[in-house]
Amino acid sequence: MTNSQILLVEDEPDIALIIADLLSAQGHHVAHAATGPDGLHAATNHRYDLLILDVMLPGLDGFALCQKMRQQGFDGGILMLTARGQVADRVQGLHLGADDYLAKPFDPHELTARVTALLRRMGKEALTPVTRFQFGPVSVDFSVPAVHRHGAPVNLAAKEMQLLRCLIDHRGQVLTREWLLTQVWRHQPFITPRTVDVHIAWLRQKLEEEPQTPKHILTVRGEGYRFTG
Ligand code: CA
């Protein structure tokens with residue numbers, strides 16, 4: 001996806017220049033703000049597809065900026081730039097509405113790959129919603145929404161349905177717990193990766209023939225989960 005409107009909020013001029021050059025070369029329109037308040041002003045007064053927010057910023061940090069934009073109803077993508085290995089930062093940002101993370105110092109190719117994936121994901125979700133899906137003895141109709149197994153209705157809670165939808169929309173791909181948190185539980189406080197595990201277990205109980213040896217909702221050791229139809 002090219003020609004996206006991207007706002008970069010980064011106070012280190014050399015890093016800002018590198019990122020702007022990389023993304024401009026891919027056909028994106030990149031605006032730049034060097035402080036938190038300038039970033040907030042820009043993001044409030046123009047419609048961007050994606051915000052790239054450094055965490056450590058003068059005036060207003062990236063987390064606060066992220067939170068304010070979500071509170072204002074911003075529904076585009078938010079990619080945070082964090083220091084390498086700051087797990088606590090990552091978890092905090094997820095709760096505030098960030099979609100993805102990139103640790104500094106980053107590989108330029110990784111930055112462009114993350115941006116492309118994020119923009120594609122957002123566009124894809126808007127363009128090709130799956131309405132019906134069948135796997136094994138289970139049939140799902142997201143338009144109702146309704147789930148049947150061997151023809152009998154299965155009662156799924158709202159979050160279970162959202163998680164199932166996410167798994168089916170991204171079938172075949174390895175999905176990390178953190179990514180699933182951003183997709184299904186975004187903006188909600190007090191949620192941990194364990195929440196994903198619990199909901200996965202519930203889905204298996206309700207949908208798998210043998211929940212202990214699932215055939216569709218698979219565990220990928222050390223990485224996350226993968227759905228296979
Ligand atoms: Ca900084």
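Below, each value reflects all heavy atoms present in this structure, side chains not excepted, and no hydrogens, waters or symmetry copies. Here the structure is a predicted model, which is why all the values come from computation and not from measurement. Every number for a ligand or one of its atoms is a count from 1 in the order of the listing. Sequence positions, counted from 1, serve as the residue numbers for this chain.
In summary, the side chains of H150 and E209 do present a donor paired with an acceptor at a separation below 3.5 Å, with no hydrogens or angles considered.
The atom of D11 that is an N, O or S and sits closest to the Ca ion (ligand 1) is OD1. As for D54, its N/O/S atom nearest the Ca ion (ligand 1) is the one called OD2.
Partner Y225 forms a side chain to side chain contact (heavy atoms under 4.5 Å, CB included) with one of T176, L180, L163 and no other, that one being L180.
Summarising the geometry, atom CG belonging to D11 is positioned 8.0 Å from atom NE2 belonging to H32; distances are rounded to the nearest 0.5 Å.
Taking 3.0 Å as the criterion, E10 does not count as a coordinating residue of the Ca ion (ligand 1), since none of its N, O or S atoms falls below it.
Salt bridge annotation for R70-D99: present, with a cationic side-chain nitrogen under 4.0 angstrom from a carboxylate oxygen.
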